[in-house]
Colleague: 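This is the structure, below, for whatever I ask next.
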Protein chains: 2
Amino acid sequence: MRTTPFSVALLLLSALNSLAQEPVTSDLSFQHRLMPVPATLRFQPGRLNVDSAFRFRVDGYNDARLLAGLHRIQLRLERRTGLELPVVPSSESPVGGLVIRCSGPGKTVPSVDEDESYSLDVSDSGAVLKAPTVVGALRGLETFLQLLEGDAKGYFIPAVSIQDKPRFPWRGLLIDIARHFEPIEVLKRNLDAMAAVKLNVLHWHLTDDQGFRIESKRYPRLHQMGSDGLYYTQEQAREIIAYARERGIRVMPEFDMPGHVTSWLVGHPELGSAPGPYQIERKAGIMLPAFDPTREETYKLLDGFFSEMSALFPDAYVHIGGDENEGHQWTKNSQIQSFMKAKGINDNHALQAYFNQRISKTLQKLGKKVIGWEEILHPDLPRDTVVQSWRGPKSLAEAARKGYDGILSAGYYIDLVYPTWQHYTVDPTVSDSNLSEQEIKHILGGEATMWGEWVGPETIDSRMWPRTAAIAERLWSPSHVKDIDDMYRRLDVINIQLEELGLTHEKNVDMLLRRMAGTENIEPLKTLVSLVEPVKEYRRTRARPATVLTPLTRLIDAARPDSRAARRFAALVDGILSDAPDLLRNRERIESTLKLWRDACPMLEAMIDRSPVLREAEQLPRDLSAISTAGLEALSYIVAGADPPAKWREDKLAMLEQAAKPKAEVEFAIIGQVKKLVVLASELRNLRSLPHSEWRSRVLTLSGKGTP
Amino acid sequence: MRTTPFSVALLLLSALNSLAQEPVTSDLSFQHRLMPVPATLRFQPGRLNVDSAFRFRVDGYNDARLLAGLHRIQLRLERRTGLELPVVPSSESPVGGLVIRCSGPGKTVPSVDEDESYSLDVSDSGAVLKAPTVVGALRGLETFLQLLEGDAKGYFIPAVSIQDKPRFPWRGLLIDIARHFEPIEVLKRNLDAMAAVKLNVLHWHLTDDQGFRIESKRYPRLHQMGSDGLYYTQEQAREIIAYARERGIRVMPEFDMPGHVTSWLVGHPELGSAPGPYQIERKAGIMLPAFDPTREETYKLLDGFFSEMSALFPDAYVHIGGDENEGHQWTKNSQIQSFMKAKGINDNHALQAYFNQRISKTLQKLGKKVIGWEEILHPDLPRDTVVQSWRGPKSLAEAARKGYDGILSAGYYIDLVYPTWQHYTVDPTVSDSNLSEQEIKHILGGEATMWGEWVGPETIDSRMWPRTAAIAERLWSPSHVKDIDDMYRRLDVINIQLEELGLTHEKNVDMLLRRMAGTENIEPLKTLVSLVEPVKEYRRTRARPATVLTPLTRLIDAARPDSRAARRFAALVDGILSDAPDLLRNRERIESTLKLWRDACPMLEAMIDRSPVLREAEQLPRDLSAISTAGLEALSYIVAGADPPAKWREDKLAMLEQAAKPKAEVEFAIIGQVKKLVVLASELRNLRSLPHSEWRSRVLTLSGKGTP
């Protein structure tokens, strides 16, 4: 009978736990957990207790939006602490509560010119939040809630003085509901999440080849024939706009054209540049259909449509897309070719510029400003157009030099499954762009983009969060806030807090695994899925001939970007590498972790035998077994101080190279770390001749760059 | 360095896993996983493969409701298997698919008289579902989906022949959204869950002291002043009714009166029997306010209100409540007393009967049948009224003898946190009631009741499911289906399948624990919460002066009824008790389980120190440590075959008695099992003189009845 079955597991857990939790001390060295980090903040000794005597009070300007925002914060505070506070904010001077002093309502419609600044002062005796606008007050309330801490004495807010305002006025999240439709409750909970990290633009990608998702009362064939019945009614759109406004968030609609328009053409083939008929597109990728920019019928319908949409969407901007149109159908259409000759239009890019000018005029007449993807840049582009960069930061700098406002999305493509740190290091103002101060002001901010090819209501949250919180910080916080380790420390905290808003990014992982396995006993599968990531970039689309109707319920859908378990294992391995010459640090934890992985494998194989949906993953347990065994062998050589046999290193590195290849469209995120252990074990003899301080960098060099 | 950290954990997991998963063989002894069990079913050798060639086809009667239902089943099948099937049902004869042969639409409005029967025949070459009505076909489709199995060869449906129909025509679930409001998406997902287990009545408890939750266009002060803004618009009510109808579910509204009406009186104090003014009630319990049944104004408003509601709700029945009114305000009101004297009404019960008769007449004129709680039984009660029993089955039998139809809810009060088996053993036709066959026909079925005092949107699913599935089986399946072990085996399966419908009963447990702990590392807390249950009956209400505004985010809210972990531990303990005289069976698993519990304790204490919301639970880790240590000591005596020291048993039993007492309003569900181990260890000497077959029963007797 074994006597120590779980103690090592608990030891490990305890260690992981301590990575996530920081000691709380109320002094100047206080390590806060705010995201985004405020512009300036200074902690002081002291704490404001939060108990059932705590009260909120509005002092000065007050309106329904502020009260509703305060009510939401109060509910979240109550749910987090279990405290029950009075329904209505206090009208008396609270002792030990928060007073909100707001100067006025701010803009009637959420605007890029809104003042979002606030200040927050917390002491032992109370807290004061000051803001010139309601939106500023809402931003400050989110900060206040993020400040909540708990210890053996109870809940409290540490004493602090904060002056805060955003670095960029345009901080957006694009949600593409054309490729996969998302019900309004999905949008609502994500608007709450956006507000929690101070994002202020929902870029609503409403139409694309795969779906026309907004009701048009004027041209009902658009949504009726182009959406499979999956569209938002105008009433629902108003509901979303109001919901966003309550949270100080703009809703900017995108109607992508002249390409990406297949779904329009199902009901209105006469707008197309090829004869039709058209079907709703089911595949992902760049499609041929495009509006015919030479026919007046096209502009007549678009004039009417934009007039309807401009009334529906109060935001100052309308996004007209403009991306990925090569004009293949234009080239093949003789009538379009004649038109171009007659007008002296030289190429397809110029024809698109002609189209954009006409559309821009329409929108200008409707009182709207135009924004489009970087392809719209053309000498004829009206000067008040905003350019959204998606292929790289160069176009943004180019646009700024030409006097166009711009926002950055290149580098913030969260659908590409890159790790958080990679997005975090992307700055809208590229340092080597040589822009003047005046030109830099044209850079309004940026947007994370959640393209919808591979996300559905059950998985979209896990593809957006928590990574988008780090992008939100990049766009709000001063540029000097860029410590990656510290970002991850705070990201782990906000990650859990986001669940309070109904987000499913954490809880749906286990749910999907239970569904696949058909049982609640999913521990080995959880272990596996925690160590893999979906394939990056567009490799999923290339890997199999799937459509947007393919169920998103496979292992890849449960797997999440930026494996947390891999990140923690990397920290353990870095610990042992840094502990030359003894190499004692983290040894036990590394060993127990590797054994956990190894021992999951036989059970995984049994699960796969019962669940055909897991069959595609059958190689993964074998790979995991080989990976963890290699790590354990390496560790045993390190412990023994003995050289591995000849060819051991070569064999193991070859195995790791095979194991690193994607299977079932997921890839292990731990290969590079095990590689380091293998290199360490087989290099020990050589390392002994080096200074101890050089061991780590030597192993890293030998392990190779570019290792996952 | 330890070398076997997780293998025992995995061994345990594997063992638990095998309890949940059954071997799949396609022959007559096939152990199916259907819930509710069909009226008759016979498995045969053979299997129908389910792969990407699988097709659904409708042959014969077809309508939008059937197609939509089929589409939902197809989506669930796709999501469970990862297969992508064509969007539209096949029009050609499918090879190896399911053909649906439906004879007609059935009732236009879901009705207690609906024919819900169907037959399903599955062979190697295909499946045929026959039903006289669309609702019957929908019921059969749910069975078809439940039949899905998987093994190393792929997904399949075992060959089977099923003829099925419900035992009772009225199989309901009451959801009280008055005490805590539930958004319509909560109702929708639960309607899906109801359909999955073939329930057919949503009893919508719309008004009570704590809230008036339906929009009245005629008397808007009712919802405007009685709901805190938390009510359903009439459009939303229609949406729910349509959603339910699509799934063959009736929606029966309840307007509880003449008691339970505080929320009405906030806007209409003139209807009350005491002067007012009234406030929305925040506490749980039986309140004094009641309509004044002696004033014509009362009937005038109710006539108008019922006329409006009768148009809104198409169901044949309107529930008028009638429970828990003692008429204290009537007794104190001299005008009411004079009225009673003048009319010769002798007591409050008779006055309520007078009220009920008037209301009944109004509803009859509106074409509605009346249903009420058992207190409405009175000689003057119109004969076509339905009686809902809540205090016990006797009133149901009494009503049946008097010729009233009735439904049972006593025994199905899921808000009282009883284990599933307890509800499962309650039968609407009480065996000792001596009802004639004719009288028994008056018993239409039953309803589970989800009273809303202690549930919110985040927790209501976990209070309803999976237990309600077992009640659904009691009401659908033949009375001979009553094996409790087999029910639990199937319940574990349906439990996971219910998550496909968006239910949060599983996933919100961890979510709540993460919120409390403020971290994703919640393993020790998960262990603790898996071993406790919320206090039963009305003890939560009595334990602390909470209101319906108190956050439902404490440990008790994460804890679930009918601890699965305790059930599995009980099976392990029963195994060792049944293995006399060696007592070897399950030894290792019992030991590793007890150690897991014991070792969670230090980490739990650290978590509590960081999370004040957990402070109330600080005694629980200490108790758990003592409980598991007692179990381990017992096991070591059993292993050694040695007698424990004097007083050991006495000490341990005293400790267990203390540990059994609720703390933080939860109680351990494992005490009884550890008690058995303590008794076994200390009785070994005496047991050896008994026949081996008697050891188990002797220990059970000595461990005492009524142990949790």
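Residue numbering restarts at 1 for every chain, and letters A, B, ... go by the order of the sequence lines. Treat the numbers as computed from the prediction; the structure is a model and nothing was measured.
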Colleague: Looking at A:Ser611 and A:Met516, would you say the former's side chain and the latter's main chain have a donor-acceptor pair under 3.5 Å?
Modeller: yes
Colleague: Go through B:Glu591 and B:Arg598 one step at a time and tell me if the salt bridge (Lys or Arg N to Asp or Glu O under 4.0 Å) criterion holds.
Modeller: CA-CA 10 Å; B:Glu591 190 190 19; B:Arg598 182 196 62 192; over 6 Å; no
Colleague: Would you please name every residue forming a side chain to side chain donor-acceptor pair (under 3.5 Å) with A:Gln146, sequence neighbours left out?
Modeller: none
Colleague: Side chain of B:His180, backbone of B:Pro457: donor and acceptor closer than 3.5 Å?
Modeller: no
Colleague: Given heavy-atom pairs under 4.5 angstrom as the criterion, report whether the side chain, backbone, both or neither of B:Leu552 touches chain A.
Modeller: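 Neither part.
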Colleague: Just so I understand: if I count every heavy-atom pair under 4.5 Å between each of B:Asn495, B:Leu85, B:Thr547 and chain A, which residue has the most?
Modeller: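 So the answer, after comparing B:Asn495, B:Leu85, B:Thr547, is B:Thr547.
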Colleague: Which answer fits B:Thr81, side chain, backbone, both or neither, if we ask what part of it has an atom under 4.5 Å from a heavy atom of chain A?
Modeller: backbone
Colleague: Going by salt bridge (charged side-chain N to carboxylate O under 4.0 Å, His left out), name the residues that satisfy it together with A:Lys526, two or more places apart in sequence or in a different chain.
Modeller: A:Asp510
Colleague: By a 4.5 Å heavy-atom criterion (distance strictly below it), what part of A:Leu75 contacts chain B: side chain, backbone, both, or neither?
Modeller: neither
Colleague: Heavy atoms only, distances under 4.5 angstrom: which of A:Gly82, A:Gly456, A:Ala546, A:Gly502 has the most pairs with chain B? Name it, please.
Modeller: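 Of the options given, most contacts go to A:Gly82.
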Colleague: Against chain A, label B:Arg615 side chain, backbone, both or neither, depending on which of its atoms sit under 4.5 Å from a heavy atom there.
Modeller: side chain
